[in-house]
Amino acid sequence: MDDSGTPGAHAGEPHTGGLAQRLNWLRAGVLGANDGIVSTAAVAVGVASATSQVTPVLLAGAAALVGGAISMALGEYVSVSSQRDSERALIAKERRELATDPEAEFEELVGLYEAQGLTVGTARQVATELTERDALKAHLSIELNIDQDDVVSPWHAALASAVAFTIGALLPLATILLLPHPARIVATFVAVLVALCVTGYVAAWIGGSSRWRAVARTVTGGALALVATFLVGTLFGTAVGG
């Protein structure tokens with residue numbers, strides 16, 4: 001037994017309750033930070049490449065930070081609310097089916113365990129024991145991979161996304177405002193790419209995928225965004241100056 005209290009569980013594996021909630025806000029937080037870094041840096045670099053004045057960069061960066069944080073929070077809230085509503089509807093449907101036709105639901109549960117590779121006798125024994133303990137939980141787990149006590153929260157996702165976006169946005173904004181022109185643009189590029197390495201690595205760690213592949217994708221995308229807005233700002237500044 002590990003620290004979670006689950007018999008036979010290995011240390012470091014997510015056997016405790018609340019996993020969906022934790023992954024929900026971690027995912028929202030990482031995505032929010034990534035978007036905050038890239039979008040705010042792109043706006044700030046675009047404006048800084050068009051003018052050497054600090055005030056336009058500050059105004060554009062601040063607007064990008066506030067608007068982006070609200071937009072990310074709203075998007076996460078709407079998205080996760082839809083997911084939560086779907087999960088709740090499925091839970092209610094399964095509860096009705098168990099109340100109206102428990103025998104058919106039991107046989108369905110047996111069949112599902114047989115499909116997992118258990119013999120008929122073992123599948124029936126497992127289904128019997130789990131049904132006696134918590135029939136709804138057993139059906140939700142094997143049929144829908146849902147835990148009724150771990151339905152995702154849209155408010156957690158929205159808050160995590162907004163806070164992470166704000167923190168992520170402050171890095172390029174502070175870099176480009178505190179350093180002199182034109183060094184601030186180069187420094188912002190460097191700071192953003194380093195930060196994207198971190199967010200890409202963390203995102204891959206959460207998902208259990210290849211760390212360096214994720215880092216490469218994140219850094220490449222961020223670099224393209226910065227280069228694109230830098231070119232737009234440079235061309236616009238040249239046109240206005242001309």
Side-chain angles (χ1 to χ4, degrees), residues 1-35 69-165 202-209:
M1 182 180 296
D2 70 351
D3 294 337
S4 69
T6 302
H10 294 286
E13 291 186 353
H15 294 284
T16 56
L19 177 61
Q21 292 284 5
R22 292 196 299 274
L23 291 179
N24 178 40
W25 70 259
L26 279 171
R27 175 197 57 79
V30 171
L31 291 178
N34 188 75
D35 284 350
I70 294 174
S71 177
M72 284 294 297
L74 180 60
E76 282 291 337
Y77 181 82
V78 171
S79 175
V80 177
S81 291
S82 298
Q83 178 185 346
R84 180 197 57 183
D85 292 344
S86 297
E87 290 180 351
R88 286 179 173 176
L90 290 170
I91 292 171
K93 177 177 180 293
E94 196 63 39
R95 184 178 285 113
R96 287 194 303 269
E97 291 176 348
L98 284 168
T100 56
D101 197 355
E103 292 80 9
E105 287 297 300
F106 177 78
E107 293 301 327
E108 181 184 24
L109 191 62
V110 173
L112 289 170
Y113 282 117
E114 285 185 61
Q116 294 292 320
L118 299 181
T119 63
V120 177
T122 303
R124 187 165 294 275
Q125 181 181 356
V126 171
T128 299
E129 293 183 10
L130 291 178
T131 298
E132 291 174 351
R133 183 172 184 177
D134 191 334
L136 179 60
K137 183 176 182 179
H139 281 268
L140 292 175
S141 177
I142 190 67
E143 289 186 46
L144 305 171
N145 195 29
I146 292 177
D147 183 349
Q148 63 179 330
D149 299 321
D150 195 21
V151 176
V152 293
S153 168
W155 288 108
H156 290 170
L159 180 62
S161 183
V163 171
F165 185 98
V202 173
W205 173 75
I206 292 173
S209 59

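Residue numbers run from 1 in the order of the sequence given. Just so you know, these numbers come straight off a predicted model, no measurement behind them.
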Would you check if Leu112 and Val110 make a side-chain contact, meaning some heavy-atom pair closer than 4.5 Å? no

Looking at CD of Glu94 and CG of Leu140, how far apart are the two atoms once the value is rounded to the nearest 0.5 Å? 6.0 Å

Restricting to non-hydrogen atoms, name the atom on Thr131 and the atom on Leu109 that form the minimum distance, rounded to 0.1 Å. OG1-CD2, 3.6 Å

Roughly how far, to the nearest 0.5 Å, is CG of Leu98 from CG of Leu136? 6.0 Å

Please report the shortest heavy-atom distance between Ala158 and Tyr77, naming the atom on each side. CB-CB, 4.0 Å

Which atoms form the tightest heavy-atom contact between Val80 and Ala157, and what is the distance? CG2-CB, 3.7 Å

Is the shortest side-chain heavy-atom distance between Pro154 and Arg84 below 4.5 Å? yes

Separation between CG of Asp35 and OG of Ser71, rounded to the nearest 0.5 Å: 9.0 Å

Separation between CG (Leu31) and CE (Met72), nearest 0.5 Å, reads 6.0 Å

Just how far is it from atom CZ of Arg96 to atom CD1 of Ile91, taken to the nearest 0.5 Å? 12.0 Å

Please tell me if the side chains of Gln116 and Ile142 come closer than 4.5 Å, counting only heavy atoms from C-beta onward. yes

Less than 3.5 Å apart, any donor N or O on the side chain of Thr119 or Thr122 sitting next to an acceptor on the other? yes

Identify the heavy atoms of Ala123 and Tyr113 that sit nearest to each other, and give their distance. CB-CB, 3.8 Å

Could you tell me whether Lys93 and Glu97 have a side-chain N and a carboxylate O separated by less than 4.0 Å? yes

Tell me whether Glu105 is salt-bridged to Arg95, with the criterion being a basic N under 4.0 Å from an acidic carboxylate O. no

Please check if the side chain of Thr128 supplies one atom and the backbone of Arg124 the other of a donor-acceptor pair under 3.5 Å. yes

Could you measure the distance from the CG atom of Leu144 to the OG atom of Ser86? Nearest 0.5 Å is fine. 11.5 Å

